[in-house]
Amino acid sequence: MTDWTSGYVAGIDYTFDFHQQLTPALLAFGAMRQGHRHGLDRPGATYCELGCGQGFSANLLAAANPQIEFHAMDFSPAHIAGAAELAQEAGLDNMHFHERCFEDFGETPGLPESFDIIALHGVFSWVSEENRDHITRFISQRLRPGGLVYVSCNALPGWAAAMPLRRILASRAEQGSGPLTGRISDAMGFARELEKAGAGYFGHNPGAGQRLKHMEAMPENYLAHEYFNKDWTPFFFEDLAGSLAQAKLSFLGSVHPLDNVDSVRFTPQQQALLDAEPDPDRREGLRDVLLNEHFRTDIFVKGKLAHTPRGEIGAWFATPFALTRTYSGGALKFHHRGKDLPLEQAQYAPVLKALAQGPATLRSLLDQGVFGAMDWGSIALMLTVLAGTGIITPCLPLEGLAERAAACRAFNQAVCKRAEDSEALRFLASPVTGGGVELDRFEQLFLLARSEGLETPADWAALAWRILAPQGQRLQHEGRVLETEEENLALLRARAGNFAARRLPLLESLGVTLPDSSAALQDSGEAQAQGAAA
């Protein structure tokens, strides 16, 4: 019988994470900042995710971007069945899931002739060379000229020291029998025994022991897919770029804004070494050596359409930004890759205070005078740092907000209803950013209570407890499980009060609401319209 898994882990379902890097607005911002006219704002845009896992990212993005037609594939019937079920519950007419393998996905009936975005998060490192060839062939045939490919993968040299550890774990698990979860536990214990026995590998590579300790706290379903597949390949960048060049792709930049700014990544001496390398792919590989890079999040393009200098500034001016964290006006510290980033409070505070009133385009912020006497280069760098450190995010234009808000409300309702039974889904959709916002199970239950007409945080806490108590769920506080109803309710009330005071206003500004709270969304949309008009 043919092994339909091709050596990929199939006995344990993958996690339900949402990967922000897949967000179309972030990919568009990354392309724009690298000088590419992406055209993703045109009507009828199409998006394809290869190896979508549980499909949660695809479903969320389809809800937050109903103007885009989404297709997503995975070889696991269980993953696709669950993903399609959530899409149906949320009424996502623009989401299409396909249970296919990479080899025959291009033959799927009903696929668009071409896609504007093809995305694969982590997939390239966990499939065989044969499947990588199938992926490259699909991209070559289905990506439109000027289209973008997002691909992330494990990278060298950052993974070099850990490669023997992964081999030890996978080999030990392969020798065993029974369920994979038990074999993973046995393999982890065996590696720990080697370390305790003074194995020279661990002695000369202290990072391997640290990684093993970190792995022990990870969920088994994540470990299974991350470390225990038959195929597991970290890449030198030149090899990755060479493989994708077969599909006529060229490297555009990282989806992470700060990874494209050498001035905040490297010392003058390191920058001199980079400047001396004329070949762009070798220079990018040299960056990985200087950073000891272990994971890349790259955007490739099939034919770059360069902006004129004036056109690029115009694209910047039209880009809306939204605040993603509550800002009270104090001083903030910014870090990237362990380095402090120099930003003056006098420069960033007016920008964040303006965005606290609602999303606004760069042109609107300029008209408000929030940048003072800063020159254009300093403005672009500051916005890149703010976006790269997660304080703000590029988002979608005001046009189409009502349609996006309706789709997000339906999706968020479906997710929050599932929070009554599970904590697996931890993100809701934002019609403002076109991406996801993380909320834990308690916060989702508070939103659900509010949508059902309960007005006070105490009422929200009471509803959450009525759901949790019959399931035997208890809260923890300062390392102790709370046993009594009074203790659990008291902590839930405190969390609900903090949620109402700190998180809820930000969620409303991002349009993260449920169906019965549409009035708050309408107020948010009117405020955004006034800000954009200003």
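Checking F235, F295, F236, W232 one by one against W159, the ring-ring contact (aromatic ring centres under 6.0 Å, His included) holds for a single residue, W232. Tested against E277 for a salt bridge (Lys or Arg N to Asp or Glu O under 4.0 Å), the candidates R283, R282, R287 yield a single pass: R282. Screening L258, L381, L386 against L341 for a side chain to side chain contact (heavy atoms under 4.5 Å, CB included) leaves a single residue, L258.
Of the N and O atoms on the side chains of R132 and S243, not one donor lies less than 3.5 Å from an acceptor on the other residue. A side-chain donor-acceptor contact under 3.5 Å links H96 and E69. H38 and D116 are not linked by any side-chain donor-acceptor pair at a separation below 3.5 angstrom, with hydrogens and angles left out of the test.
One finds a salt bridge joining R337 and E293 here, because a Lys/Arg side-chain nitrogen approaches an Asp/Glu carboxylate oxygen to under 4.0 Å. Using a cut-off of 4.0 Å between Lys/Arg side-chain N and Asp/Glu carboxylate O, E420 and K417 are scored as salt-bridged. Salt-bridge check for R426 with D440: failed, with every basic side-chain N at 4.0 Å or more from each acidic carboxylate O.
Crowding of E438 atom CD: a count of heavy atoms from other residues, nucleotides or ligands under 6.0 Å exceeding 12. Within a 6.0 Å radius of CD in E423, other residues, nucleotides and ligands contribute 12 heavy atoms or fewer. More than 12 heavy atoms of other shown residues, nucleotides or ligands fall within 6.0 angstrom of atom CG in D239. Heavy atoms of other residues, nucleotides or ligands lying less than 6.0 angstrom from NE2 of H214 number 12 at most. The environment of CZ in R310 is sparse: at most 12 heavy-atom neighbours from other residues, nucleotides or ligands sit within 6.0 Å. By the neighbour-count criterion of 12 heavy atoms within 6.0 Å, atom CD of E216 is densely surrounded, having more than that number from other residues, nucleotides or ligands. Heavy-atom neighbours of Q271 CD from other residues, nucleotides or ligands within 6.0 Å: above the threshold of 12. More than 12 heavy atoms of other residues, nucleotides or ligands shown are found within 6.0 angstrom of NZ on K339.
One finds the CD1 atom of I299 at 9.5 Å from the NE2 atom of H36 (value rounded to the nearest 0.5 Å). Atom CD of Q54 sits about 9.0 Å away from atom CG of L425, to the nearest 0.5 Å. The structure places CD1 of I68 at 10.0 Å from CG of D41, a figure rounded to the nearest 0.5 Å. Interatomic distance, SG of C52 versus NE2 of H71, reported as 12.5 Å (0.5 Å rounding).
Taking the six-membered ring where tryptophan is involved, the planes of F56 and F427 are tilted, since the angle between them lies from 30° to 60°. Classified by interplanar angle (parallel below 30°, tilted 30° to 60°, perpendicular above 60°), the ring pair F237/F300 is parallel. In this structure, F138 and F115 have tilted ring planes: the angle between them lies in the 30° to 60° band.
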Residue pair K213, Q210: steps toward the side-chain contact (heavy atoms from CB on, under 4.5 Å) verdict: CA-CA 5 Å; K213 183 177 181 180; Q210 295 170 8; 5.7 Å; no
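Looking at every heavy atom in both residues, P24 comes nearest to G434 through CD-O, 4.4 Å. Across all their heavy atoms, D281 and A241 have their closest contact at OD2-CB, 3.7 Å. Closest heavy-atom contact between C395 and P359: SG-CB, 4.3 Å.
A cation-pi arrangement is absent between R167 and Y201, since the terminal nitrogen or guanidinium carbon is not both under 6.0 Å from the aromatic centre and inside a 45° cone about the axis.
Side-chain atoms of R144 do not come within 3.5 Å of backbone N or O of E113 as any donor-acceptor pair.
Side-chain contact between L383 and W316 is present, with heavy atoms from C-beta onward closer than 4.5 Å.
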